[in-house]
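See below for the structure under consideration.
Chain letters run A, B, ... following the sequence lines, proteins first and then strands; every chain starts at 1. Predicted, not measured: the structure shown is a model, and the values here were computed from it. All values below come from the heavy atoms of this structure, side chains included, with hydrogens, waters and symmetry mates left out.
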Amino acid sequence: GQQLNQSPQSMFIQEGEDVSMNCTSSSIFNTWLWYKQDPGEGPVLLIALYKAGELTSNGRLTAQFGITRKDSFLNISASIPSDVGIYFCAGLAGGTSYGKLTFGQGTILTVHP
Amino acid sequence: NAGVTQTPKFRILKIGQSMTLQCTQDMNHNYMYWYRQDPGMGLKLIYYSVGAGITDKGEVPNGYNVSRSTTEDFPLRLELAAPSQTSVYFCASHTRGQSEAFFGQGTRLTVV
């Protein structure tokens, strides 16, 4: 089945530092998505990527859809304490698995003031 | 606008009992999903549906069943609860052509 490998599993950084995390897959996805989950809540969408090579920003967040359609990265610049949470990549499949939305294992981000 | 509503929020089941986790959305979304999230882990897809009358297995479907008789509702059924099904369950939905999936608040299930 489709597997998303997300790294790193966790990050401990100082406020103001930049953060980078990525996701790779053995399968091609039509859409790559990045979500954030706060404790006790469901995930919330940060950025959606629809085309291979697409680079999209949302405030301090930047994400790219890899050219091969099998990978994506998320960068957070100038981190702040409220960036703390779990970040998930997700891939939306096409073809015979059309509509299947698969999540990576998550990256736990801790920001020290 | 209620969005995605899950009930119950919390439940404790005894081994072997059955229950249905309810999920309803009022956004007329075609796509609906059930995930489970174990402590400190990611979201694992249990079942999904691309429209009323259509369901497909995800990564971890064993021990669960679903139905999609209407666009709004996507209940998840546990027939014989086992301790391994202790988890937080999330329902999500999105519309065709718009990939942002909206999540419910989750159902925290404990099987003892």
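Contacts between L101(A) and chain B at a heavy-atom distance below 4.5 Å involve backbone atoms as well as side-chain atoms. Neither the backbone nor the side chain of Q9(A) comes within contact range of chain B; no heavy atom of the residue lies under 4.5 Å from a heavy atom of that chain. Neither the backbone nor the side chain of A92(B) comes within contact range of chain A; no heavy atom of the residue lies under 4.5 Å from a heavy atom of that chain. L45(B) touches chain A through its side chain: at least one heavy atom from C-beta onward sits under 4.5 Å away, while N, CA, C and O do not. Of the atoms belonging to F102(B), not a single heavy atom falls under 4.5 Å from chain A.
A salt bridge is absent between D38(B) and K44(B): the closest approach of a Lys/Arg side-chain nitrogen to an acidic carboxylate oxygen does not fall below 4.0 angstrom.
Centroid-to-centroid, the aromatic rings of F90(B) and Y33(B) stay 6.0 Å apart or farther.
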May I have the step-by-step check of ring-ring contact (aromatic ring centres under 6.0 Å, His included) for F74(B) and Y48(B), ending in yes or no? CA-CA 9 Å; F74(B) 191 40; Y48(B) 68 107; 8.9 Å; no
Given F103(A) and Y35(B), is the ring-ring contact (aromatic ring centres under 6.0 Å, His included) satisfied, shown in steps? CA-CA 10 Å; F103(A) 280 75; Y35(B) 295 90; 5.1 Å; yes
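For chain B, the option among P43(A), A48(A), G106(A) with the highest count of heavy-atom pairs below 4.5 Å is P43(A). The choice from R108(B), R96(B), H94(B), E100(B) that makes the most heavy-atom pairs within less than 4.5 Å of chain A is E100(B).
Residues L4(A) and S25(A) approach most closely at CD2-CB, 3.4 Å, considering heavy atoms.
By the criterion of side-chain heavy atoms lying less than 4.5 angstrom apart, applied directly or through intervening Ile, Leu, Val, Met, Phe, Trp or Tyr residues, F65(A) is grouped together with I76(A) in one hydrophobic cluster.
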